[in-house]
Amino acid sequence: MVRLATSIRDLKKEYVLKSETVRALRGVSFDVPEGDYVAIMGPSGSGKSTLLNMLGCLDKPSSGQLLLGDDDISRMTDDKLAEVRSRRIGFVFQSYNLIQQLTVVENIQVPLYYQGRLGPKERQRCVELAALVGLRDRLDHRPTQLSGGQQQRVAIARSLVNDPYFILADEPTGNLDSRTTAEILAMFDQLNNEGRTIILVTHEDDVAERARRIVRLKDGLLCSDKQNSEEERTRARQASLAAAEAVRDE
């Protein structure tokens with residue numbers, strides 16, 4: 001039996017702005033099995049950001065159901081949502097969201113700090129995660145001493161520290177050049193191949209084509225849910241590498 005990382009059922013979200021009701025999501029449904037790698041795409045106003053906020057437990061739907069594992073997070077209190085957000089979801093942002101005063105290891109530790117879990121065992125795990133993302137020799141560096149790609153590697157390590165149900169990545173390559181984008185996407189490929197579930201929001205087709213599936217939204221509705229073949233994914237990886245090589249040769 002396939003276990004689901006998250007299940008979205010007839011999800012709707014309405015906002016009242018002055019006297020107008022905005023229907024940001026109008027009944028979206030799809031599942032994300034454990035180990036899947038899904039890219040969510042859509043133009044401005046498609047409901048992409050609204051869905052991202054709900055998947056990240058930052059907002060609740062007006063109606064419908066959103067399951068994280070077996071738990072219905074659409075009916076949770078704000079305090080319970082905050083707990084789920086900090087313990088069960090790993091976030092990777094376009095702007096990295098690192099704390100400038102902290103070192104690499106300390107930034108990876110941040111989710112544990114809010115849970116009161118900062119013993120020697122937890123610190124060692126953070127050191128191991130830093131090594132996993134290629135920063136073994138940067139443990140005591142601060143964000144200003146790192147490149148954009150290295151900062152995003154710290155963010156990826158931080159997203160893994162709680163062994164989350166899924167990694168939620170919001171435009172993770174938006175601030176990176178072609179070469180660094182290829183490196184970060186290769187890291188996502190590796191994590192997914194190891195069984196990590198990844199939900200990635202992007203507006204770039206070449207990034208989305210690296211995922212196993214592309215879910216497209218438009219006007220608050222799901223307009224397509226397409227599986228990428230291994231041939232398509234391979235072509236996307238090759239194109240990414242070619243773009244990286246072109247930048248390196250300039």
Side-chain angles (χ1 to χ4, degrees), residues 3 5-6 32-39 56 69 85-115 117-202 207 210-212 233 236-237 240-241 244:
R3 288 180 54 84
T6 186
V32 180
E34 289 184 358
D36 206 352
Y37 183 175
V38 182
R85 190 165 60 242
S86 67
R87 290 179 179 270
R88 300 171 67 184
I89 301 172
F91 293 92
V92 180
F93 302 96
Q94 179 177 348
S95 55
Y96 324 130
N97 285 19
L98 303 181
I99 298 174
Q100 299 301 310
Q101 296 83 357
L102 300 184
T103 65
V104 165
V105 170
E106 290 167 344
N107 266 290
I108 297 171
Q109 287 177 328
V110 164
L112 301 177
Y113 169 81
Y114 288 113
Q115 298 167 30
R117 298 166 53 206
L118 283 180
K121 180 180 178 181
E122 286 76 19
R123 176 178 168 79
Q124 180 57 34
R125 171 160 170 75
C126 294
V127 170
E128 291 169 358
L129 286 171
L132 177 70
V133 298
L135 295 175
R136 187 189 300 274
D137 59 346
R138 298 286 192 274
L139 300 181
D140 296 321
H141 285 58
R142 288 177 168 75
T144 54
Q145 299 171 294
L146 303 174
S147 68
Q150 289 170 333
Q151 290 185 64
Q152 195 61 295
R153 288 171 180 265
V154 177
I156 291 170
R158 180 185 59 195
S159 77
L160 295 170
V161 75
N162 280 327
D163 195 23
Y165 269 59
F166 55 80
I167 297 171
L168 189 59
D170 183 14
E171 301 283 2
T173 61
N175 286 341
L176 305 176
D177 61 28
S178 296
R179 180 174 61 82
T180 312
T181 290
E183 293 172 358
I184 295 300
L185 292 178
M187 189 166 297
F188 280 130
D189 287 344
Q190 177 185 338
L191 290 170
N192 181 244
N193 289 338
E194 293 170 357
R196 296 284 181 179
T197 307
I198 299 172
I199 301 174
L200 179 148
V201 175
T202 183
V207 172
R210 297 280 291 261
R212 296 182 186 275
R233 298 181 73 206
R237 284 191 286 268
S240 179
L241 288 172

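In this chain, numbering begins with 1 at the start of the sequence shown. A quick note: this is a predicted structure, and the numbers were derived from the prediction, not measured.
- Annotation: ring-ring contact (aromatic ring centres under 6.0 Å, His included) contacts involving residues 118-166, sequence neighbours excluded, are absent.
- Listed by chain and residue number, nothing satisfies the ring-ring contact (aromatic ring centres under 6.0 Å, His included) test with Tyr96 (two or more places apart in sequence, or in another chain).
- Residues Arg123 and Leu118 have side chains not in contact (no heavy-atom distance under 4.5 Å, counting atoms from C-beta outward).
- Summarising the geometry of Val161 relative to Arg125, their closest heavy-atom pair is O-NE, 3.3 Å, with the distance given to 0.1 Å.
- No side-chain donor-acceptor contact under 3.5 Å links Gln152 to the backbone of Val92.
- In this view, Arg85 satisfies the side-chain hydrogen bond (donor to acceptor under 3.5 Å, both in side chains) rule with no residue, not counting sequence neighbours.
- Remark: side-chain polar atoms of Asp36 are not paired, donor with acceptor, to backbone N or O of Val38 under 3.5 angstrom.
- When all heavy atoms of Asp140 and Gln145 are compared, the pair lying nearest together is O-OE1, 4.3 Å.
- Side-chain polar atoms of Asn97 and Arg158 form no donor-acceptor pair below 3.5 angstrom.
- Minimum heavy-atom separation, Gly134 to Asp137: O-OD1, 4.3 Å.
- Rounding to the nearest 0.5 Å places CD1 of Ile199 at 12.0 Å from OH of Tyr37.
- Annotation for Val201 and Pro172: closest pair O-CD, 4.0 Å, computed over non-hydrogen atoms.
- Put simply, the side chain of Ser240 never gets that close to the backbone of Ala236: no donor and acceptor are under 3.5 Å apart.
- For the pair Arg88 (side chain) and Pro164 (backbone), a donor-acceptor distance under 3.5 Å is absent.
- In this view, Gln100 satisfies the side-chain hydrogen bond (donor to acceptor under 3.5 Å, both in side chains) rule with no residue, not counting sequence neighbours.
- Looking at Gln94 and Asn175, their side chains do bring a donor and an acceptor atom within 3.5 Å of each other.
- A 4.5 Å side-chain heavy-atom check between Thr180 and Thr173 finds every atom pair outside the cut-off.
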For residues 107-115, which side-chain N or O atoms pair as donor and acceptor with protein atoms under 3.5 Å away, sequence neighbours left out?
unit_1, atom_1, unit_2, atom_2, d
Asn107, OD1, Ile99, N, 2.8
Asn107, ND2, Ile99, O, 3.1
Asn107, ND2, Leu102, O, 3.2
Asn107, ND2, Thr103, O, 3.2
Gln115, OE1, Arg87, NH1, 3.4
Gln115, OE1, Arg117, NH1, 2.6
Gln115, NE2, Ser86, O, 3.1
Gln115, NE2, Pro111, O, 3.3
Gln115, NE2, Asn162, OD1, 3.4

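- Partners of Ser147 by side-chain contact (heavy atoms from CB on, under 4.5 Å), not counting sequence neighbours, listed by chain and number: Gln150.
- Using modelled atom types, no side-chain atom of Arg3 and backbone atom of Glu34 make a donor-acceptor pair closer than 3.5 Å.
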